[in-house]
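Side-chain atoms are counted along with the backbone in the values below, which use heavy atoms only and exclude waters and symmetry mates. Keep in mind that this is a model prediction, so the values were computed, not measured.
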Amino acid sequence: MTAFKSKSDFLNILQERGFIHQCSDFEGLDALAAKGEAIAYVGYDCTARSLHIGNYLTMMMLHWLQQSGNKPITLMGGGTTMVGDPSGKDETRAMRTIAEIEANKESIRGVFAKVLRYGEGKSDAIMLDNAEWLTKLNWIEMLRDVGRHFSVNRMLTMDSVRLRLEREQEMSFIEFNYMVCQAYDFVELARRTGCHLQMGGSDQWGNIIMGVDLGRRMGTHQLFALTTPLLTTASGAKMGKTAQGAVWLNADQFSPYDFWQYWRNTEDADVGKFLKLFTTLPIAEINKLESLGGSEINEAKKVLATEATALLHGRDAANEAAETAHRTFEEGALAVSLPTVEIPRGELDAGLGVLNAFVKAGLVASNGEARRQIKGGGLRVNDAPITDEKMALSAGNLTPEGVIKLSFGKKKHVLIKPA
């Protein structure tokens with residue numbers, strides 16, 4: 001990104017914290033944001049019961065937009081989820097039923113209030129759903145009024161389409177229309193709310209620019225595009241994946257303790273970057289933490305873990321996760337607030353195979369993986385290494401606290417509790 005001296009707090013904050021990858025017009029957007037008149041949205045499709053850490057990055061962009069006196073919009077993709085975004089996908093997304101989309105939408109809604117303030121005020125956030133207009137469009141009118149502004153030649157150059165075709169992988173007609181729907185969302189929000197800006201990940205740049213262009217062709221006020229870089233670690237790995245899968249934002253899918261532990265395991269070189277992106281700590285304090293060397297960097301990682309978890313799950317949950325980690329790793333005690341999986345007592349009475357137990361606990365994906373980890377000495381029961389893959393857990397393995405502690409390596413622990 002080319003350096004740009006901003007007049008607005010919004011763009012100053014985003015630049016200082018490393019959020020900006022591309023912007024369609026820095027000067028124009030900066031002037032609008034400096035007056036507190038920028039209205040911006042991010043769209044969130046309802047493809048799962050929870051958003052993930054990549055979505056958290058754009059939520060933080062909306063947070064700083066609001067903190068600088070401008071207005072955020074969270075757009076639920078009740079309509080676009082019916083189509084399916086092909087961006088970054090090698091094959092057609094599975095079609096979801098209306099009932100699944102509605103259930104996902106309800107499950108997702110609550111997370112936004114963790115970082116945004118909703119209400120009726122000038123800078124209060126609002127939430128809309130594109131199903132409200134996309135599901136009511138007349139096909140012929142859509143073709144005549146909107147479709148005529150799109151060049152198929154240009155659409156074929158977009159990464160979401162071009163990469164699929166280059167790999168000779170099928171793209172359905174419905175997916176091909178996703179960028180049309182997203183562009184129309186931008187125009188509709190401009191008309192309904194006065195929205196000026198769409199933000200998203202760098203993989204959305206082409207789709208967002210399509211919306212900017214469609215707005216110009218359909219006579220809206222000037223629209224702007226702003227994207228954030230692809231989330232990667234210092235080692236070049238895509239961020240947001242664990243052995244258990246995605247880092248979800250809903251506590252029932254990824255516990256506050258697991259969320260805390262995820263940040264605690266950050267690579268040394270990423271601590272400053274992630275403190276800037278995923279916490280609200282002042283930059284001066286982040287710079288001090290980032291400058292710590294040697295083993296002291298672990299203290300900065302704990303601050304990152306606690307502040308990031310507090311923002312999403314609340315201060316109490318963050319402090320409890322930090323205390324659980326302290327007792328488990330530094331004092332060697334059994335912290336009963338570790339992630340817990342309940343199993344029917346009958347399974348334990350009958351003898352629960354240790355391979356099955358680790359799969360049920362979510363520490364490994366399959367019995368085969370459990371066997372490989374046992375051979376490498378990576379799995380433990382109540383802190384004792386497992387040497388026999390045919391071992392069966394029973395009531396005799398219960399600790400005085402009434403649980404069985406399963407461990408994968410030094411940092412992943414789950415308690416099995418009979419129900």
Side-chain angles (χ1 to χ4, degrees), residues 233 235 237 240-248 253-268 270 294-295 297-299 301-302 304-306 309 320-419:
T233 65
S235 60
K241 293 290 185 180
T242 69
Q244 291 79 36
V247 179
W248 301 110
Q253 289 189 255
F254 201 78
S255 72
Y257 172 80
D258 286 332
F259 196 75
W260 190 96
Q261 197 63 45
Y262 174 79
W263 295 110
R264 172 62 182 82
N265 293 334
T266 294
E267 295 178 31
D268 292 0
D270 284 325
S295 61
I297 195 67
N298 289 325
E299 296 306 311
K301 292 180 183 181
K302 292 175 187 176
L304 166 62
T306 299
T309 305
E320 182 180 356
E323 178 61 23
T324 297
H326 175 73
R327 292 187 61 204
T328 302
F329 304 125
E330 297 178 28
E331 296 181 358
L334 174 61
V336 293
S337 52
L338 284 168
T340 302
V341 173
E342 292 189 346
I343 61 168
R345 179 169 288 276
E347 289 190 28
L348 201 60
D349 292 340
L352 177 62
V354 70
L355 303 180
N356 191 21
F358 274 85
V359 174
K360 284 179 177 288
L363 288 169
V364 295
S366 65
N367 287 353
E369 184 184 352
R371 288 191 186 93
R372 290 192 295 274
Q373 294 299 334
I374 288 173
K375 288 177 181 177
L379 301 186
R380 288 171 289 139
V381 172
N382 293 334
D383 296 324
I386 302 169
T387 56
D388 181 8
E389 67 178 48
K390 295 181 180 179
M391 173 184 177
L393 304 181
S394 66
N397 296 108
L398 292 171
T399 67
E401 294 84 3
V403 295
I404 301 173
K405 181 183 177 185
L406 304 184
S407 303
F408 179 179
K410 296 180 179 180
K411 296 183 178 180
K412 297 174 183 176
H413 309 278
V414 171
L415 303 180
I416 293 285
K417 181 178 181 180

Visitor: Nearest 0.5 angstrom please: Glu323 CD to Glu320 CD, how far?
Guide: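 CD of Glu320 is found 9.5 Å from CD of Glu323.
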Visitor: Not counting sequence neighbours, which residues clear salt bridge (charged side-chain N to carboxylate O under 4.0 Å, His left out) with Arg380? List them please.
Guide: Asp383
Visitor: Which atoms form the tightest heavy-atom contact between Thr309 and Trp260, and what is the distance?
Guide: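 Answer, listing the atom of Thr309 first, then Trp260: OG1-CA, 3.4 Å.
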Visitor: Is there side-chain contact between Thr340 and Val414, with heavy atoms separated by less than 4.5 Å?
Guide: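 When only atoms from C-beta onward are counted, Val414 and Thr340 do not touch, as no gap falls below 4.5 Å.
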Visitor: Ignoring hydrogens, what is the shortest heavy-atom contact between Ser366 and Val359? Give both atom names and the distance.
Guide: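 Residues Ser366 and Val359, closest heavy atoms: C-CG2, 3.5 Å.
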Visitor: With sequence neighbours left out, write down each residue that passes side-chain hydrogen bond (donor to acceptor under 3.5 Å, both in side chains) with Ser255, or none if nothing qualifies.
Guide: Asp258
Visitor: Write down the atom of Phe254, the atom of Trp248, and the distance for their closest heavy-atom approach.
Guide: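 It is CB-O, 3.4 Å.
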Visitor: Determine the minimum heavy-atom distance between Ala361 and Val341, stating which atoms define it.
Guide: CA-CG2, 4.0 Å
Visitor: For Thr266, is there any backbone N or O sitting under 3.5 Å from a side-chain donor or acceptor partner on Lys301?
Guide: yes
Visitor: How would you list, by chain and number, every residue that makes a salt bridge (charged side-chain N to carboxylate O under 4.0 Å, His left out) with Lys417, sequence neighbours excluded?
Guide: none
Visitor: Rounded to the nearest 0.5 Å, how far apart are CD of Glu267 and OG of Ser235?
Guide: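 Answer for the CD-OG pair, Glu267 versus Ser235, is 3.5 Å.
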Visitor: When rounded to the nearest 0.5 angstrom, what distance separates NZ in Lys360 from CG in Leu355?
Guide: 13.0 Å
Visitor: Could you tell me which residues satisfy side-chain hydrogen bond (donor to acceptor under 3.5 Å, both in side chains) with Arg371, sequence neighbours excluded, listed by chain and number?
Guide: Glu389
Visitor: Is the closest side-chain heavy-atom distance between Val354 and Lys390 below 4.5 Å?
Guide: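 Side-chain contact under 4.5 Å: no.
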Visitor: Residues two or more places apart in sequence or in another chain: which of them pass side-chain hydrogen bond (donor to acceptor under 3.5 Å, both in side chains) with Thr387?
Guide: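 Partners of Thr387 by the side-chain hydrogen bond (donor to acceptor under 3.5 Å, both in side chains) criterion come out as none, since no residue qualifies.
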Visitor: Heavy atoms only: give me the nearest Val364-Ala370 pair and the separation to one decimal.
Guide: CG2-CB, 4.0 Å
Visitor: Locate the shortest heavy-atom distance separating His413 from Leu363; write the atom from each residue and the value.
Guide: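 Minimum heavy-atom separation between His413 and Leu363: N-CD2, 4.5 Å.
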Visitor: Does a side-chain N-to-carboxylate-O contact under 4.0 Å join Arg372 and Glu369?
Guide: no
Visitor: What pairs with Asn397 under side chain to side chain contact (heavy atoms under 4.5 Å, CB included), at least two apart in sequence or on another chain?
Guide: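 Result, side chain to side chain contact (heavy atoms under 4.5 Å, CB included) vs Asn397: Asn382, Met391, Leu393, Ser394, Ile404.
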Visitor: How many angstroms lie between atom CG of Leu379 and atom CD1 of Ile386, to the nearest 0.5 angstrom?
Guide: 5.0 Å
